[in-house]
Novice: 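My questions all concern the structure below.
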Amino acid sequence: MNNYNRHLITAALPYANGPVHIGHLAGVYVPADIYARYMRLRGRDVLFICGSDEHGVPITIKARQLGVTPQDVVDKYHLIIKDSFERLGISFDIYSRTSSATHHKTAADFFKKLYNEGQFIEKTSEQYYDTEAQQFLADRYITGTCPKCGNENAYGDQCEKCGSTLSPNELINPRSTISGAQPILRETSHWYLPLDQHEAWLRQWILEEHKEWKVNVYGQCKSWLDGGLQPRAVSRDLDWGVPVPVEGAEGKVLYVWFDAPIGYISNTIELRPDDWKKWWQQEDTKLVHFIGKDNIVFHCIVFPAMLKAHGDYILPENVPANEFLNLEGDKISTSRNWAVWLHEYLDEFPGKEDVLRYVLCANAPETKDNDFTWKDFQTRNNSELVAVFGNFVNRAVVLTQKYFAGKVPPLKGLNDYDKSILAELPVLKQAIEDNIEHYRFREALKEVMNIARLGNKYLADTEPWKLAKTDMDRVSTILNISLQLCASCAIAFGPFLPFTAQKLRYMLGESSAEWDKLACSDILPEGHTLNEATLLFDKIEDETVQTQVDKLNNTKAANLAAQKPACEPQKPACSFDDFMKMDIRTATVLEAERVPKTDKLLKLKIDTGMDTRTIVSGIAEYYSPEQMLGQQICILANLEPRKIKGIESQGMILMAKETNGKMRFIRPEETLGNGATVS
RNA sequence: GGCGAGGUAGCUCAGCUGGUUAGAGCGCAGGAUUCAUAAUCCUGAGGUCGCGGGUUCGGGUCCCGCUCUCGCUACCA
């Protein structure tokens, strides 16, 4: 790190369509803040940049649902997010937003430069257009019948019922959610960033020059690069976002993935209008992006490609991405309200900001998904923060009040044991530094805690309360050392638990916060007056965490009740003639086998009475080939044949399906001859 | 099915480029202690390092196969 003159630290821009929860914190903001605070304490020149990501289709949809403008939505969440970060002590140098004028200009300029230099390719495609609303429709603005499960309310990009990924033109009966009209296909042109053209240097840069990146990051990048990169659209037809700054591009905005990371740059410009360039364009800046694993590809491949295409910018030196945090065994989910929301936590646990920071760091999902439980939260508070750290400080300070009227007593000679204790400190300091600089914050915090553990052991071994009756010189030395250990704690905990470190420094009579003093044996001068002993942490009682667990259980119960599958709503009326077009017949399964390399497909040979034919059906999750053999079933015989996995399927098996997904095939109440018509 | 990441003590997790009796915290058992928010300190029990092969003098650690979990992705007329 000595080759760098400044440290530019970014934390993933939170998307402003909801508040921040513990998953975001553990994955991104807590580690980033620890890193930023640490670098500042070490005297480095640091900028810690973040802000709300406020564009994109989901926000326009949320606005439409609520009957307000997109700006209203982002205003609301931007404030909640910004405020809650501040209260947790996340020390951004700036927390701005992508709807700012600075950002619009920066993003537009960025685009223009790439556009003018021919870094984009232009492609024309057909997309759905709503003639009533007079606009192109984003995937999410189109609903229709899912071609896969028949759900009538599938979105243009995804069916939430069966989970499959769709493209809008796969939908049957597409409808515009804006006007309800049937959209038409119309030509539109968009610009694409040809990622494929950047593949070669990306391979070299990541796979050769950054083998030190975390395994999850490196692995994900390699997977993408090996799969071959595709051009990616940088614009889309939407009225919310940064308008494409090109003539004839009315109604088009920058795709949110393109404008969002530029937010790091624009927020820096907003903060440092005069010298921002040296932060983004000089090789002696170390740029580090803190993100969650869902953002790896953007920050390691897409954004660097943008920066490289632009030409003036440096590339990130590292992208320490964390895995995900689960909550009480289940995936955190905003839509299911399965989360611990930061702003709620701050209200419900006043003064316990550091407890959350501690727990999220101590159990951070650095190498794999981890689980947050309230039980663990309580245990870590009670048996680590209270019992080890808080208790040690309390012991040292109370003993000093008792025997030396609250003044730091002098060192009166060190014995070998004293020396061995003091000798441990530089070792711990080194370990803390190494771990933080390699983004291992969990391990670093453990080493910090070891200072307090060392203190507890020192007191237990030397027993100053016994010596007080016989040897006050010894007591004097022991308490001096104990207080120096407390002072080291006050420094070392600074990046992790800023509020507590502050409180502790006050208790120690405004002791030093300088990182270089950490591990020194003379942080507190002899005779220095301490302030009154106060408790750094309080125990958390069973009832307190039980309340939180109950809250989650209620959420779970509510979710279950809400999900209780009613029936599918009835489909629109269908004429008798339409129905009669369908040729439904009885048939018998003669042969059945799994289609290789698929999870759901069975290939069936059936006797329809008229002929013997092949049908491929997605029922392997519910029926084994053996179970199907010899069964009489009903089929839609005159369905247009279609190739599935290279096999021509000549018909469809009729299945009954519950809303929870369970499927059973239909058969006549009594076995009939094959080819009997069903109506 | 493909790709990525995981599967190590009761629980939560470390174990870097292969090397002496596999570690930590919590929990548990026993002991010590009382300055401290019944906190602390010491000792101990507890693991066939997912399963099976292979390379090696030697494998949680490398290679192959299998299996389970999580994420992304494909198939679903």
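Excluded from the calculations below are hydrogen atoms, water molecules and symmetry mates; all remaining heavy atoms, backbone and side chain alike, are included. Computed from a predicted structure; not experimentally measured. Chain letters run A, B, ... following the sequence lines, proteins first, then strands; residues in each count from 1.
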Novice: Any idea how A:Trp374 and A:Phe377 line up, ring-wise: parallel (<30°), tilted (30 to 60°), or perpendicular (>60°)?
Specialist: perpendicular
Novice: With a non-hydrogen cut-off below 4.0 angstrom, is A:Lys466 in contact with a base, only sugar-phosphate, or nothing?
Specialist: sugar-phosphate
Novice: May I ask you to say what A:Ser617 touches in the nucleic acid, namely base, sugar-phosphate or nothing, with a heavy-atom cut-off under 4.0 Å?
Specialist: sugar-phosphate
Novice: Only one of A:Tyr358, A:Phe389, A:Phe392 passes ring-ring contact (aromatic ring centres under 6.0 Å, His included) with A:Phe537; say which it is.
Specialist: A:Phe389
Novice: If we take the C1' atom in both B:rC3 and B:rG47, what is their distance in whole Å?
Specialist: 32 Å
Novice: With syn defined as a glycosidic torsion within 90 degrees of 0 and anti otherwise, which applies to B:rG53?
Specialist: anti
Novice: Base, sugar-phosphate or nothing for A:Arg442? Non-hydrogen atoms, less than 4.0 Å.
Specialist: sugar-phosphate
Novice: Just how far, in rounded Å, is P of B:rC76 from CD1 of A:Ile615?
Specialist: 15 Å
Novice: Given atom CD of A:Glu447 and atom C1' of B:rG25, what is their separation to the nearest angstrom?
Specialist: 12 Å
Novice: For RNA chain B, find the residues of residues 296-305 of chain A with a heavy-atom distance under 4.0 Å and give them by number; none if there aren't any.
Specialist: none
Novice: Does A:Val393 reach a base, just sugar-phosphate, or nothing at all? Heavy atoms under 4.0 Å.
Specialist: nothing
Novice: Extract from the structure each pairing of a protein N or O with an N or O of nucleotides 36-39 of chain B at less than 3.5 Å, listing the distance.
Specialist:
{"residue": "B:rA36", "atom": "O3'", "partner": "A:Asn394", "partner atom": "OD1", "Å": "3.2"}
{"residue": "B:rA36", "atom": "O2'", "partner": "A:Asn391", "partner atom": "OD1", "Å": "2.8"}
{"residue": "B:rA36", "atom": "O2'", "partner": "A:Asn394", "partner atom": "OD1", "Å": "3.1"}
{"residue": "B:rA36", "atom": "N3", "partner": "A:Asn391", "partner atom": "OD1", "Å": "3.4"}
{"residue": "B:rA36", "atom": "N3", "partner": "A:Asn391", "partner atom": "ND2", "Å": "3.4"}
{"residue": "B:rA36", "atom": "N3", "partner": "A:Arg395", "partner atom": "NE", "Å": "3.0"}
{"residue": "B:rU37", "atom": "N3", "partner": "A:Phe537", "partner atom": "O", "Å": "2.6"}
{"residue": "B:rU37", "atom": "O4", "partner": "A:Phe537", "partner atom": "N", "Å": "3.3"}
{"residue": "B:rU37", "atom": "O4", "partner": "A:Phe537", "partner atom": "O", "Å": "2.7"}
{"residue": "B:rA39", "atom": "OP1", "partner": "A:Lys539", "partner atom": "NZ", "Å": "2.7"}
{"residue": "B:rA39", "atom": "O2'", "partner": "A:Ala387", "partner atom": "O", "Å": "3.1"}
{"residue": "B:rA39", "atom": "O2'", "partner": "A:Asn391", "partner atom": "ND2", "Å": "2.8"}

Novice: Examine B:rC42: is either OP1 or OP2 under 4.0 Å from a nitrogen or oxygen in the side chain of A:Lys457? Give yes or no.
Specialist: yes
Novice: In whole angstrom, what separates A:Leu399's CG from B:rU40's C1'?
Specialist: 12 Å
Novice: How long is the line joining CD of A:Gln230 and P of B:rU73, in whole Å?
Specialist: 15 Å
Novice: In the structure shown, which nucleotide is the Watson-Crick or G-U wobble counterpart of B:rU69, with both distances under 3.5 Å?
Specialist: B:rA5
Novice: Is there a Watson-Crick or G-U wobble partner for B:rU40 with both distances under 3.5 Å, and which nucleotide is it?
Specialist: B:rA32
Novice: Within 45° of the axis and under 6.0 Å from the centre of the six-membered ring of A:Phe324, does NZ or CZ of A:Lys293 qualify?
Specialist: yes
Novice: Does B:rG18 pair with anything, Watson-Crick or G-U wobble, both distances under 3.5 Å, and if so, with which nucleotide?
Specialist: none
Novice: In whole Å, measure the gap between the P atoms of B:rA9 and B:rG4 for me.
Specialist: 26 Å
Novice: Whether A:Asp583 and A:Arg585 form a salt bridge (side-chain N of Lys/Arg under 4.0 Å from carboxylate O of Asp/Glu) is what I want to check.
Specialist: yes
Novice: Would the distance check show the side chain of A:Thr373 and the main-chain N or O of A:Glu328 forming a donor-acceptor pair, the cut-off being under 3.5 Å?
Specialist: no
Novice: Please tell me which of A:Thr379 and A:Glu443 maps to the more 5' nucleotide of RNA chain B, matching each residue to the nucleotide holding its nearest heavy atom.
Specialist: A:Glu443
Novice: Starting at CZ of A:Arg453 and ending at P of B:rC42, how long is that distance when rounded to a whole Å?
Specialist: 10 Å
Novice: Could you let me know what B:rC62 is paired to, Watson-Crick or G-U wobble, both distances under 3.5 Å, or none if it's on its own?
Specialist: B:rG54
Novice: If I take atom CZ in residue A:Arg380 and atom C1' in nucleotide B:rU12, what distance separates them, rounded to the nearest angstrom?
Specialist: 6 Å
Novice: Angle class for the A:His289/A:Phe303 ring planes (parallel below 30°, perpendicular above 60°, tilted otherwise)?
Specialist: tilted
Novice: Please give the nucleotide sitting opposite B:rG46 as a Watson-Crick or G-U wobble pair, both distances under 3.5 Å, or none.
Specialist: none
Novice: Name the orientation class of the two ring planes belonging to A:Phe290 and A:Tyr35 (parallel below 30°, tilted from 30 to 60°, perpendicular beyond 60°).
Specialist: tilted
Novice: On RNA chain B, compare the nucleotides closest to A:Glu366 and A:Glu384; which residue's is nearer the 5' end?
Specialist: A:Glu366
